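Here, residue 1 is the first one in the sequence, and each next residue gets the next number. These figures come from a predicted structure and were not determined experimentally. Whatever order the structure lists ligands and atoms in, that order sets their numbers, starting from 1.
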Amino acid sequence: MKYRVLGKTGMKVSVIGFGASPLGGVFRNVTEEECLRAVRTALDAGINYFDCSPYYGLTKAETMLGKCLAASGPRDRYYLATKVGRYGDGLFDFSAKRVAASLDESLKRLRVAHVDLLQCHDIEFGGLKQIYEETVPALRKLQKSGKTRFIGITGLPLKIFPAVIDHAKVDTILSYCHYCLNDTALLGLIPYLKARQVGIISASPLAMGLLSEKGPPGWHPAPNDIKRTCAQAAAYCKSKGADLSRLAMQFALANEDIATTLVGTATEAHVKNNLAALEAPCDEALAQEVLAILEPIKNKTWLSGRQENN
Ligand code: NAD
């Protein structure tokens, strides 16, 4: 496993991070046994960063991850990140009061005394003034209490990050679906973040299933042209005896400015494939062909949250 330092936190995080949303049954129904296998395989291979949220499976993912980690070794074997503010579809609460209670509930489900990173989840659904005036200071208070070591913000539209960081310091940002084969818009924000030593976490290297043979789940928000073009890329790779997901992982993991890339799965075989992607040489010629197929939808995205935050 390779490790990179996450901004100013000093945490040396594995370049592959474990995204735990699938443990909440977000992509398909899962069993405790398979989740445990996926988590153990990840830990044994040196993956030391686990990301969760009360939103994933409406608390199920935190409960499942807590169980699996508790059964897999001591607390100092991994960094644990969770979130506050998003609790269901259309259910957000970024108030200082809810944030404090939310972390206590998460700690119980995760079976730990502290998390390493507490992030405000999908801030584009809130008013950004509230985020920097109320939510971020509330997170800092929790940091002083020792219940979280660091704080961050997450979301889809990239403009939300400077809009908050210009007013309030955070230790990390988590961006998703913006550093993968079909979308590299995150590159434009990296100089701003590096200048401020904000740690960069990138999630969804498979664009939430778009860059896989199986394709995305029914709830995937991408418009049809993105879905269609990614399916073409997957079919092309298959016709060449290759796996689009492997190529997508290799592409995402190669960027040294991104400390960790969170990939989600509850399937041990996927964990193993993703680990193998890190070691295997990249087929550069195939990568160029796939990038050409994806070119018509390059950096195309979808709306998320309030209109004014997109
Ligand atoms: P992803 O791009 O990691 O794709 C996940 C899908 O790909 C799942 O269906 C999984 O079964 C499948 N998959 C994984 N490895 C595979 C492989 N080798 N071959 C084929 N299919 C494979 O998207 P994601 O799970 O949404 O993102 C990863 C993690 O990042 C999440 O679990 C979550 O922890 C985090 N995340 C956070 C936010 C946020 O904070 N707003 C948003 C998105 C993701």
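Residue Ser21 has at least one N or O atom closer than 3.5 Å to an N or O atom of ligand 1. Some N or O of Asp51 is nearer than 3.5 Å to an N or O of ligand 1, by distance alone. Looking at Met208 next to ligand 1, an N or O pair under 3.5 Å apart turns up. Close N/O approach between Asp243 and ligand 1 is not found [any backbone or side-chain N/O within under 3.5 Å]. Residue Phe27 has no nitrogen or oxygen atom sitting less than 3.5 Å from a nitrogen or oxygen atom of ligand 1, judged on distance alone.
Counting only non-hydrogen atoms, the option in Phe18, Tyr55, Tyr56 that gets closest to atom 36 (N) of ligand 1 is Tyr56. The residue from Val263, Leu65, Leu206, Ile173 that puts a heavy atom closest to atom 7 (O) of ligand 1 is Leu206. With Ala203, Ser245, Gly24, Ala20 as candidates, the residue nearest to atom 19 (N) of ligand 1 on a non-hydrogen basis is Ser245. Nearest-heavy-atom check against atom 5 (C) of ligand 1 across Gly264, Gly152, Ala248, Ser304 picks out Gly264.
A salt bridge does not link Glu308 to Lys159: none of the charged side-chain nitrogens sits closer than 4.0 Å to a carboxylate oxygen. Note on Asp51 versus Lys83: salt bridge recorded, some NZ/NE/NH1/NH2 to OD/OE distance being below 4.0 Å. In this structure, Glu34 pairs ionically with Arg28, as a charged nitrogen and a carboxylate oxygen lie closer than 4.0 Å.
Looking only at protein heavy atoms, the nearest one to atom 1 (P) of ligand 1 is Ser204 CA, 3.7 Å.
Annotation for ligand 1: atoms under 4.0 Å from non-hydrogen atoms of Asp122 are 39 (C), 41 (N).
Between the side chains of Glu289 and Tyr236, a donor-acceptor pair is found at a separation under 3.5 Å.
Listed by chain and number, the residues in a salt bridge (charged side-chain N to carboxylate O under 4.0 Å, His left out) with Glu256 are Arg4 (sequence neighbours excluded).
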